[in-house]
Amino acid sequence: MSQKLDLELINLTKRYGETVAVDEINYHFSSGTYACLLGPSGCGKSSTLRMIAGHESISDGAITLAGRDISHLPPARRGTAMMFQNYALFPHLSILDNVAFSLKMQGIETAARHAQAGEMLELVDMSALADRLPAQLSGGQQQRAALARALITKPEVLLLDEPLSALDPFLRIRMRAELKKLQRELGITFVHVTHGQDEALALADEIVVMNDARIEQAGKTRAVFDAPKTAFVARFLGSHNVVSMPEGMIAVRSDALEIKPPEGARLPGTITNIEYQGTHVALTATVPGAQEVTALLSDKDFCGNPKNVGEAIGLDWEAGAAQALAG
Amino acid sequence: MVLRKNDVTGWALATPLSAVLAVFLVAPIVMIVVVSFWGATEWSIYPAFQFDNYAFLLSSDVTYRVFLNTLKYAFVTWVFTLLIGFTVAYYLAFHIRSLTWQIALFLLCTIPFLTSNIIRMISWIPFLGRNGIANSTLISMGVIDEPVEWLLFSDFSVILAFVHLYTLFMVVPIFNTMMRIDTSLIEAAADAGASGWQTLWHVIVPLTKPGIMIGTIFVVALVMGDFITVRFMSGSQSANVGRMIQNDIGLLQYPSASATAVILLITVLLLIGTLLRFVDIRKEL
């Protein structure tokens, strides 16, 4: 797909009275990208999404899609569609009518809109349940119906507000695979808001980590995970140890740590906990400065050289494994 | 049968309410039904089981006209209370953003209820009368030359009073239902390209139906059973079923009054039964 459908945020700002919810953020979503806005609650990610959708007014800045300023257009004329956190299916309408709702609003006659809605339900594998009411569906089925309803408007960008948070863990993993598959098939941009780092890592081509109304770090998912720039990002993405060293703060991935004898290792420490996790063993140790460090060792490595709680060890890593952190 | 402890507790818990309902609801209705079959002469009433009262009622032209008039009052009042009630509830639920203001304005709506029904009704009389405030204002503004006669002691004043008295019974349940509508549904409608009116008609109205239905039941039941408003506001020139019953009671014709009451009760129950077939209000209760 061409560059024409890129979504761009330019100095986007949202203020509620004195509080700044989103503070002059800039980002360029290339078309066809699966992007995740990731951050703790209150970081401004939902406000950002709602501003893109048009459900929240913009205090300052602009949003452009395909080069056209959509900042002040009504939601339906932006080329975006939103999938709501609780799906927001109309409880009084059947699934088919829910999906056909936007066509009905355009004045398309019943037979034609039902036919189109039927195709959409086919796409999300929900044809058999077209006549049910939302309350008669499971969470996963409701989500598919909501997806079909959002997609029927043929959006260029699909906005998803914590779409998986209402599902149980098992279903969450299944639905996220389906979301990813659907995005690949449709080739449109997905902007997905979540506070779950595993969800973001699993789905996103690009992640935008937000904190305190600003973008903390953004880029290709792997690039961000491999090289967190701040302690916040390293901690939020998980699987990283943030350690204060004489030369400054660094982030080291838990699985990059090696256990050595205390002498000559970069960090001496004392084991405080050993947790067996099946394929891996998580070993927690305290290191100077009352810091805690977790090393993720493969079960073979650990069992070849077993340790006990209270034992003194040395922690080491390859020179390139440590990331210097800002701040 | 062995009574377990749980059973005893259950029965004990259900007893007080059952007793109250039995004494104050079931017993009076049974009494009315029983008396409606009694006989009466000009000077006495006597226990009996005869259908004279019903036969007389159902064969009389007056009964039908009065019932029809009562239904007319109920219908017109319903239309106006619904329009006003829906608008007020909509404004409170969707246009007032802060809960504090919602509660404050809602309480404001209940202020008229601090005075009695009758006082509120009577206070219309000096306003609407031949030389009342409404007429003198209209004359001084040059809208009319002569005082308008139909303002007071007419169907107009009766319905005006009904609407004034009962609109709040429409506002409360509708407001209550509207407050439960998830605002994301309205956003979803906007996302689907619905205009304000389309959202109102295709999303809000259908979701508010149970509240509308509960309000309808209140208003219809109140208007159908009313006698005092019609008497005051029509200057005793109009009749409804309540007035008919009141007249019978005034003449000590209890059996005839009871028969009319039974028919009224059946009419109202049928009306409400029909309404409930269309809308499921169970989830609101």
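Letters go in sequence order (proteins before strands), and every chain restarts at 1.
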Can you check whether [X] reaches [Y] side chain to side chain, under 4.5 Å on heavy atoms?
X: B:His202; Y: A:Phe90; result: no
X: A:Phe101; Y: B:Val203; result: yes
X: A:His92; Y: B:Lys209; result: no

Once you round to the nearest 0.5 Å, how far does [atom1] of [X] lie from [atom2] of [Y]?
X: A:Tyr87; Y: B:Asp182; atom1: OH; atom2: CG; answer: 13.0 Å
X: A:His55; Y: B:Ser184; atom1: NE2; atom2: OG; answer: 9.5 Å
X: B:Gln198; Y: A:Lys104; atom1: CD; atom2: NZ; answer: 9.5 Å
X: B:Leu185; Y: A:Asn86; atom1: CG; atom2: CG; answer: 7.5 Å

Counting neighbours of [atom1] on [X] that are heavy atoms of other residues, nucleotides or ligands and sit closer than 6.0 Å, is the number greater than 12?
X: B:Phe278; atom1: CZ; result: no
X: A:His114; atom1: NE2; result: yes
X: A:Asp69; atom1: CG; result: yes
X: A:Arg68; atom1: CZ; result: yes
X: B:Phe218; atom1: CZ; result: no

Check whether [X] gets within reach of chain B through its side chain, its backbone, both or neither, counting any heavy atom under 4.5 Å.
X: A:Arg77; result: neither
X: A:Leu89; result: backbone
X: A:Arg149; result: side chain

Is it true that a side-chain atom of B:Asp191 and a backbone atom of A:Met82 form a donor plus acceptor pair closer than 3.5 Å?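 Pair found, side chain donor or acceptor close to backbone of A:Met82.
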Interface residue of largest heavy-atom contact number with chain B, from A:Pro91, A:Pro155, A:Ala146, A:Pro74, under 4.5 Å: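 Most heavy-atom pairs within the cutoff with chain B belong to A:Pro91.
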Closest-packed option against chain B by number of heavy-atom pairs under 4.5 Å, given A:Ala81, A:Ser102, A:Ala53: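 Looking at each option in turn, the highest pair count goes to A:Ser102.
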For A:Ala76 versus B:Ala192, what's the shortest heavy-atom pair and its separation?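 That closest heavy-atom pairing would be CB-C, 4.3 Å.
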Closest non-hydrogen atom pair, A:Ala88 against B:Ala188: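 Nearest pair, atom of A:Ala88 first, then B:Ala188: O-CB, 3.9 Å.
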